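Notes follow once the structure below has been shown.
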Amino acid sequence: MNKYALILLLLTFSIIRSESNAMHLVKIPSINLYYEPIVTSDSADCVIPFSRAGNLILIKATADTTVGNFILDTGAPNLVLNLTYFRNYVLTNKDAETGGITGATTTAVTNVEKFLMGPVKYYKVEADLVNLGHIENSKGIKILGLLGMQLFKQFEMIIDYEKSVIYLHLISKKERAVYKSEMLKDTSTYTTVPIEMFEGKILTYMYLAGKKLRFIIDTGAESNVLDSRLSNKIFSHFVISRRVLLNGSGARKVEALYGDMKDMKIGNQSFSSFPVLITNLEKMCYSYDTCLDGMLGFDFLSLHKIGFNFATNKMYIWK
């Protein structure tokens with residue numbers, strides 16, 4: 001096995017409204033970093049506006065001198081650059097290959113001297129170089145890259161889909177155990193749920209039919225996803241609405257089911273109807289060296305204002 005930890009990322013599940021009723025599955029590999037970037041900000045608190053391409057969050061940012069749209073992708077451990085626009089960058093590793101649900105893809109690693117996102121500045125950022133043309137074609141918009149968890153590990157981040165803004169606070173060492181946003185002062189307005197950080201990804205747990213299910217939280221996934229290999233007891237709560245096809249960067253298409261799961265619960269919040277895509281996630285086990293039961297994407301995240309404190313490993317879900 002390559003000394004780099006190659007990780008399968010499922011970036012987006014985008015429903016195509018056509019007679020074929022197909023779905024695009026885009027996957028991005030990523031590689032663990034050797035070092036953390038230097039992070040500074042003109043202000044500890046900042047508000048980052050965003051736009052949307054479908055259900056994906058787009059943020060204007062600058063990689064060295066190149067300015068454009070980046071997708072906020074908490075399912076990606078690192079900064080990812082679109083090879084189309086950064087092909088002249090010097091590579092520190094190349095031709096690493098990883099497999100996925102619908103085929104294999106390759107990645108390479110490079111360095112960005114300076115990365116700017118609003119008032120936040122990053123220096124000496126190691127980034128993955130991947131061809132993201134399939135996302136651009138699907139969304140009809142120029143995409144420079146993906147903003148992965150590497151960029152937010154020192155922050156509290158609150159995403160407000162209704163107002164199309166992200167609130168960031170750069171948490172100092174003195175604040176790590178005590179900081180809490182003013183928006184979190186009224187504890188009756190939100191639920192606190194523990195999260196885990198695993199190889200640069202956010203993990204949490206949901207409950208169904210007495211089972212504890214492990215999920216990755218992915219702002220780059222347009223649908224919630226559940227592993228088809230779970231028990232029949234779990235799927236007795238599932239109501240199918242349609243069949244779909246997953247089309248990825250590989251050539252193979254995979255059939256999946258889309259519908260509603262009944263009686264899902266996270267923290268003290270219950271969902272009478274929870275939209276979810278059912279597909280086999282076995283290959284994620286090989287990529288992560290651990291198995292996940294599913295993913296929480298836009299269908300879940302956009303229902304609420306939602307926040308994360310990556311210093312205390314807590315998620316906040318507004319009621």
Side-chain angles (χ1 to χ4, degrees), residues 9-10 55 57 72-77 147-163 165-169 171 175-227 230 234 237 260-277 281 284 288 290-319:
L9 298 178
L10 306 178
N55 295 333
I57 292 176
L72 176 66
D73 186 7
T74 60
L147 306 178
M149 283 303 304
Q150 163 200 21
L151 303 176
F152 302 101
K153 289 171 63 176
Q154 299 181 44
F155 287 87
E156 177 193 76
M157 176 171 66
I158 298 175
I159 306 173
D160 191 329
Y161 280 88
E162 184 177 356
K163 295 182 179 179
V165 295
I166 296 173
Y167 302 93
L168 291 178
H169 178 87
I171 302 174
E175 294 178 315
R176 288 184 65 87
V178 298
Y179 176 76
K180 184 177 286 190
S181 168
E182 287 294 324
M183 287 184 279
L184 294 166
K185 297 301 183 184
D186 184 357
T187 57
S188 66
T189 61
Y190 62 89
T191 298
T192 301
V193 178
I195 57 175
E196 300 173 4
M197 299 306 299
F198 177 77
E199 296 188 358
K201 291 169 290 298
I202 311 170
L203 303 182
T204 194
Y205 295 91
M206 296 191 76
Y207 298 84
L208 177 65
K211 299 291 185 180
K212 185 179 181 180
L213 304 176
R214 195 181 191 204
F215 281 77
I216 183 175
I217 300 171
D218 189 353
T219 58
E222 295 195 85
S223 297
N224 304 318
V225 186
L226 201 61
D227 192 350
L230 292 171
I234 294 290
H237 295 255
D260 291 307
M261 191 67 73
K262 307 298 182 183
D263 303 320
M264 292 283 286
K265 183 176 181 180
I266 184 168
N268 61 10
Q269 291 199 32
S270 298
F271 301 88
S272 59
S273 182
F274 192 81
V276 67
L277 173 77
L281 299 182
M284 289 180 68
Y288 290 148
T290 187
C291 286
L292 300 171
D293 297 311
M295 304 174 65
L296 297 178
F298 175 84
D299 285 344
F300 167 77
L301 300 173
S302 63
L303 294 176
H304 338 260
K305 187 163 57 178
I306 192 159
F308 304 92
N309 186 318
F310 298 114
T312 58
N313 286 341
K314 293 178 180 177
M315 174 169 61
Y316 307 106
I317 307 171
W318 271 257
K319 299 176 182 178

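All figures in this text were calculated on a predicted structure; none of them were measured in a lab.
- Listed by first and then second residue, the side-chain hydrogen bond (donor to acceptor under 3.5 Å, both in side chains) pairs involving residues 303-313 are Asn309-Thr312 (not counting sequence neighbours).
- Evaluation of the side-chain contact (heavy atoms from CB on, under 4.5 Å) rule for Lys212 yields Tyr205, Tyr207 as partners, not counting sequence neighbours.
- Distance alone, capped at 3.5 Å, is enough to place a donor-acceptor pair between the Glu222 side chain and the Asn55 backbone.
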(request) Report the C-alpha distance between Met315 and Ile306 in whole Å, list the side-chain angles of each, state the deciding distance to 0.1 Å, and finish with yes or no for side chain to side chain contact (heavy atoms under 4.5 Å, CB included). (result) CA-CA 7 Å; Met315 174 169 61; Ile306 192 159; 3.9 Å; yes
(message) Using the rule given for side chain to side chain contact (heavy atoms under 4.5 Å, CB included), can you reason through Ile195 versus Lys314, listing the C-alpha separation, both sets of side-chain angles and the distance that settles it, and then say yes or no?
(response) CA-CA 5 Å; Ile195 57 175; Lys314 293 178 180 177; 5.6 Å; no
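- The backbone N or O of Asp263 sits nowhere less than 3.5 Å from a side-chain atom of Ser270 that would complete a donor-acceptor pair.
- Applying the salt bridge (charged side-chain N to carboxylate O under 4.0 Å, His left out) test to residues at least two apart or on different chains, the pairs with a partner in residues 148-159 are Glu36-Lys153.
- For the side chain to side chain contact (heavy atoms under 4.5 Å, CB included) with Leu208, the qualifying choice from Asp293, Leu230, Leu213 is Leu213, the only one to do so.
- Partners of Tyr167 according to the ring pair (Phe, Tyr, Trp, His ring centres under 6.0 Å) rule, which considers only residues two or more places apart in sequence or in another chain, do not exist here.
- Phe310 pairs by the ring pair (Phe, Tyr, Trp, His ring centres under 6.0 Å) definition with Phe308, not counting sequence neighbours.
- In this structure, Phe274 and Phe300 have tilted ring planes: the angle between them lies in the 30° to 60° band.
- Partners of Gln269 according to the side-chain hydrogen bond (donor to acceptor under 3.5 Å, both in side chains) rule, which considers only residues two or more places apart in sequence or in another chain, are Thr191.
- Rounding to the nearest 0.5 Å gives a distance of 9.5 Å between CG of Asp299 and CG of Asp260.
- Side chain of Asp73 to backbone of Gly148: no donor-acceptor contact under 3.5 angstrom is found.
- Although no hydrogens or angles enter the test, the distance criterion places a donor-acceptor pair under 3.5 Å between the side chain of Thr204 and the main chain of Pro194.
- Interatomic distance, CE of Met261 versus OG of Ser273, reported as 10.5 Å (0.5 Å rounding).
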(request) Decide side chain to side chain contact (heavy atoms under 4.5 Å, CB included) for Leu296 and Met206; before the verdict, give the C-alpha distance in whole Å, the side-chain angles of both, and the deciding distance to 0.1 Å. (result) CA-CA 10 Å; Leu296 297 178; Met206 296 191 76; 3.5 Å; yes
(request) Could you walk me through whether Leu301 and Ile159 pass the side chain to side chain contact (heavy atoms under 4.5 Å, CB included) test, one step at a time? (result) CA-CA 9 Å; Leu301 300 173; Ile159 306 173; 6.0 Å; no
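- When ring centroids are compared, Phe155 and His169 stay outside the 6.0 Å threshold.
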